[in-house]
2 protein chains.
Amino acid sequence: MVQIPNTPPPASPAPRSVPTSADVARLAGVSRATVSYVLNNTSAVRISEPTRRRVHEAAEELGYVPHAAARTLRAGHSRMVLMPAPAVPVGPLYGQFINELQWALGRLDYTVVQHGSVGLHGDEAARAWAELRPVAVLVPGIGLGPEGVAVLKRAGARAVVTVGPARVEGAHALLMDHGSVGHCAGSHLHARGRRRIGVVVPQEPGLEAFSRPRLDGVRRALYGTDASVAELPLAFDERAAAELAARWRELGLDAVFAYNDEYAMLLMCALQDEGIRIPDDTAVVGADDLMIGRLLRPRLSTVHIELPSGRDLADLVDRAVRDPDATPEAHRVLGASVVARDSS
Amino acid sequence: MVQIPNTPPPASPAPRSVPTSADVARLAGVSRATVSYVLNNTSAVRISEPTRRRVHEAAEELGYVPHAAARTLRAGHSRMVLMPAPAVPVGPLYGQFINELQWALGRLDYTVVQHGSVGLHGDEAARAWAELRPVAVLVPGIGLGPEGVAVLKRAGARAVVTVGPARVEGAHALLMDHGSVGHCAGSHLHARGRRRIGVVVPQEPGLEAFSRPRLDGVRRALYGTDASVAELPLAFDERAAAELAARWRELGLDAVFAYNDEYAMLLMCALQDEGIRIPDDTAVVGADDLMIGRLLRPRLSTVHIELPSGRDLADLVDRAVRDPDATPEAHRVLGASVVARDSS
DNA sequence: TTGAAAGCGGTACCAA
DNA sequence: TTGGTACCGCTTTCAA
C-alpha cells in the first residue's frame, strides 16, 4: 500500500461521548419517556406539537442515534434476519438471489445481516449466531445439524430456514437438490445417444457441496442403462484442463457434463486445442446458463437453474416468524431444465 | 415452490424461554457474578475447580448462550466490523478480497457483519449502521459523505474506512482509482498505434461507480495526443452486442476498451460474427484478468488488477481501532497493469 | 472464593 | 400530556 500525504487534521474536535436519549431529554427539557414516545411515534400516547418539535430539534442537534442493542435488550427481540456470508465467491446466479432476498426482507422491515463466520463450523457457528439473538436465521448449504437448530431456537430465533440438499430436524427447508441438475444433464446426454459420460468434479475447495450432488445426479440418471459414468477431477486452471484434454482419447468418453458453464468453457477450449471435435467426438454440457455459454462456439448446451424468487423466500421467512410454532415446511425450489444448444 | 408433505411434529415441546445467566446461576447454585467469571475465564478472579465445573455443566444443560446485545450495552462497545453488503452481484476478484478480509478480521477477533442496506442511501444508511454501534465501518464505493462519517464517529465507531475513488473527510481511505485501469488500457492501445478508441460503458445499473472512472482514465491517457475516444453504451446482452457490432464499421474505431473481460468477450464474439478481424481491424482490451480471457481466441489482452491483501486491510482497521485519534490515512491500493495477449 | 448491587440505553407501565 | 421508574441480561466493583 502506498501512503499518501495526509491533509491537516480537521479543526473541530470530535464530541467524545455518544449522545443518549437522556442527553436529548435534557437538552429538550423533557423526560426520557417523552423522547422515546416522540422518536418512535408511539400512537398510544399524544404528545403536543411544540414538545415534539423540541425533541426532534434536540435529537438533530446532538446527532442522536438510538442504540440498537439497548432496544433489543428491552424489547426482548430484534428484527434481524441473519445469514452466514458465503465462504466462497458466489456466482451471479446465487448473488442475484441473495440480493433479491435482502431487498424483499428489507421491504418487510427486517434487517438483513450476513455474518462472516469464517473458520467456524456447524453448531459452533450456530452458537455465534445465537449470541446476536436474530429473529430468523437463513442457512445455506450443509453443516448445520439439529443441535444447531435447537441452539438457535432456544436463543429466541422464531424461524430457522435451511437452504440446501436435505431437511434438518426442526427447521424449515428450501430443498435445493443439485442432483436434479446432474440428472437433467445425464438424461439429456443419454437421450442424445451418448454412453461413456464424463463428469467434471472441481478441485476447488468449497464446491463439493454442489459438485457431489451434481455427480450423483448424473449417476442416478444413468443407473440401469447401458451408459457409464467417469469422474473427472479438474482444477480451474488452464494447465489442468490441457492435461485432462491430453488423455482424452484414451479415456474414450463421448460426452462430458462439466459441472458448470465456466468449467465447460475451460474444458471445451482445451479439447478443441487438442483437436477433439465438439459435439461430434465429445458432447459437452455445462450448467447455470450463464452468458458465456451463448457466446462459445459451438454454443454451449447447459442446464438452466430456476431459483425461487427472493420475494417468495422473504414471505416464507415472514410467515415462519409470525407463526413460530407451525410445523416446519419443506419446499423444493430448484428447477433444472436443459437448454440444448450446439455442443451436445 | 412445491410443498412437500411434512414429517410429524417432534414430540419434544421446545423450551419456551431463553435461558439467561441467572438461570445458569440458579441451577449451579451460585451467583450470576460467578457465572460471568467462569464463562469469561476472568483472570483477575480465581474460582475453585468444582464451582467452575458446576457452572459449565449448568450452562451446557440449559443450552445457555450469552446475549450479545446485553454484553455490548454493558461494555459500551462491541467488536463488530460492519460493512454494507454489495448491492450488485460482485465479481470473483472482489468477492475473493472480501473473503480474505473477513478471515483476517476474524483472526483479529472481530466479528464481521455485512449489513443489507438495500434502498438506503448515503447518510441515511450511515444512521442505520450507527444504530448497531460497530467498532469499525468499512464502506465500499461512493455515497457516504462527511456527515455520514461524522454520524458513525459520534455513534462510537473508532474507525471508518472508505474503499473507493475519493477520500472522505474524517475517514481513512483505501483509494481504488479505477481511472488507472482505463489509463492503462488507453496508454497500451495508443502505444500499439491505435488512434480511434471506443470505450464500452455498461448499461447495467450499479456499475457506473466503476465504468465512469475507467472511461475517464482512458480519456486522461489519450488527452493531448492525436487519438480520440468514443463512448459506447452497451447492455450485457447478445442482441445489444450484435447491434453495436452491426454499426461497427461506420464507427470507424480501430480499438476498444471493453470495460472488463466479460463485456470484452461479449463484444468480441459479436464483432467476429460480423466479420471484424481482431486485432487486425480492431484491437480489444478487457480488464480484471479473468480466466475466460485466456480461453478466448485470440487470447484477450486485459488489465490485471492488484487489490490489497485482506490481511493488510485488516491490519489497517485494527490499527485505526486501537488509535482512533490518529489522523486518517489514505492508501492507494489499486494496482493496474496491462497483460498483453493476442487481441491488441 | 463468592455474593450483592449498580448501571449500560431504551421502553412502557402507572401515576400525576 | 408528561414524568417517574422498573426492567431487559450482563459485567464489574466492592464487600464479605
Side-chain angles (χ1 to χ4, degrees), chain A residues 17-56 58-59 62-80 130-135 154-156, chain B residues 17-56 58-59 62-79 127 130-135 154-156:
Chain A
S17 69
V18 186
T20 73
S21 77
D23 296 320
V24 177
R26 205 154 23 237
L27 183 58
V30 299
S31 73
R32 290 179 338 140
T34 306
V35 171
S36 177
Y37 294 143
V38 171
L39 296 184
N40 295 308
N41 268 317
T42 308
S43 53
V45 169
R46 301 248 67 89
I47 303 285
S48 71
E49 206 43 57
T51 304
R52 307 181 75 84
R53 224 173 16 79
R54 290 219 314 285
V55 169
H56 277 125
L62 294 175
Y64 169 71
V65 174
H67 195 309
R71 197 206 306 270
T72 295
L73 184 58
R74 170 66 224 219
H77 60 88
S78 71
R79 302 261 315 157
M80 181 193 299
E131 293 196 3
L132 295 176
R133 297 290 191 272
V135 68
R154 254 200 313 269
Chain B
S17 70
V18 186
T20 73
S21 75
D23 296 320
V24 177
R26 205 155 22 238
L27 183 57
V30 299
S31 74
R32 292 160 61 214
T34 305
V35 171
S36 178
Y37 293 142
V38 171
L39 296 184
N40 294 310
N41 268 316
T42 309
S43 52
V45 170
R46 300 249 65 89
I47 303 284
S48 69
E49 206 43 57
T51 305
R52 307 182 76 84
R53 225 171 18 77
R54 291 219 312 286
V55 169
H56 276 124
L62 294 175
Y64 170 70
V65 174
H67 194 309
R71 175 183 292 149
T72 295
L73 186 56
R74 170 66 225 226
H77 59 88
S78 73
R79 302 245 337 143
R127 182 148 290 130
E131 294 197 2
L132 296 175
R133 297 291 192 271
V135 68
R154 257 201 312 269

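Below, all heavy atoms of this structure are taken into account, side chains as well, without hydrogens, waters or symmetry copies.
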Under 3.5 Å between N/O atoms: give me all the protein pairs with nucleotides 6-8 of chain D, atom names plus distance.
residue: D/dA6; atom: N6; partner: A/Arg32; partner atom: NH2; Å: 3.4
residue: D/dC7; atom: O2; partner: A/Arg74; partner atom: NH1; Å: 2.8
residue: D/dC8; atom: O2; partner: A/Arg74; partner atom: N; Å: 3.4

How close or far is atom C1' of D/dT2 from atom CG of A/Leu39, stated in whole angstroms?
15 Å

Check side chain to side chain donor-acceptor pair (under 3.5 Å) between A/Ser78 and all other residues, then give those that pass, not counting sequence neighbours.
none

Any N/O pairs under 3.5 Å between the protein and nucleotides 13-16 of chain D? List them or say none.
residue: D/dT13; atom: O4; partner: B/Tyr37; partner atom: OH; Å: 2.8

Rounded to the Å, how far apart are A/Arg154 CZ and D/dG9 C1'?
18 Å

For a quick test of reading the model: is some side-chain N or O of B/Ser21 closer than 4.0 Å to OP1 or OP2 of D/dT11?
no

Partners meeting side chain to side chain donor-acceptor pair (under 3.5 Å) with A/Thr42 (sequence neighbours left out):
none

Side-chain polar contacts of residues 29-38 of chain B - donor-acceptor pairs under 3.5 angstrom, sequence neighbours left out - could you list them?
residue: B/Ser31; atom: OG; partner: B/Ala33; partner atom: N; Å: 3.4
residue: B/Ser31; atom: OG; partner: B/Thr34; partner atom: N; Å: 3.3
residue: B/Ser31; atom: OG; partner: B/Thr34; partner atom: OG1; Å: 3.2
residue: B/Ser36; atom: OG; partner: B/Asn40; partner atom: ND2; Å: 3.3

Bend angle of the helix from C/dT1-D/dA16 to C/dA16-D/dT1, from helix axes over five pairs at each end, nearest 10°
40°

Taking all non-hydrogen atoms of both residues into account, name the closest pair between B/Leu132 and A/Ala68 and its distance.
CD2-CB, 3.9 Å

Grab the NE2-C1' distance between A/His77 and D/dG9 for me, whole Å please.
15 Å

For B/Thr42, answer base if it contacts any base atom (sugar-phosphate contacts may also be present), sugar-phosphate if it contacts only those atoms, and nothing otherwise; contact means non-hydrogen atoms under 4.0 Å.
nothing

Which residues satisfy the salt bridge (charged side-chain N to carboxylate O under 4.0 Å, His left out) test with B/Arg74, sequence neighbours excluded?
none

Going by salt bridge (charged side-chain N to carboxylate O under 4.0 Å, His left out), name the residues that satisfy it together with B/Arg26, two or more places apart in sequence or in a different chain.
B/Asp23

Between B/Pro19 and the options B/Leu62, B/Val24, B/Leu27, the side chain to side chain contact (heavy atoms under 4.5 Å, CB included) test singles out B/Leu62

A/Leu132 CG to D/dG9 P, straight-line distance once rounded to whole Å
16 Å

Which residue pairs pass the side chain to side chain donor-acceptor pair (under 3.5 Å) test when at least one of the two sits in residues 62-73 of chain B, sequence neighbours left out?
none

Could you tell me which residues satisfy side chain to side chain donor-acceptor pair (under 3.5 Å) with A/Arg52, sequence neighbours excluded, listed by chain and number?
A/Asn41

For the residue pair A/Val18 and A/Thr20, establish whether any side-chain heavy-atom pair is separated by less than 4.5 Å.
no

If I compare all heavy atoms of B/Arg127 with all of A/Val65, which pair ends up nearest, and what's the gap?
O-CG1, 3.8 Å

Rounded to the nearest 0.5 Å, the CD1 atom of B/Ile47 sits from the CZ atom of B/Arg53 at a distance of 14.5 Å

Please list, chain by chain and in numerical order, all residues satisfying side chain to side chain donor-acceptor pair (under 3.5 Å) with A/Ser21, sequence neighbours excluded.
none

Touch class at under 4.0 angstrom, heavy-atom based, for B/Thr34 against every strand present
sugar-phosphate

First and last nucleotide of DNA chain C, 5' to 3', lying under 4.0 Å from heavy atoms of chain B:
C/dT1 to C/dG9

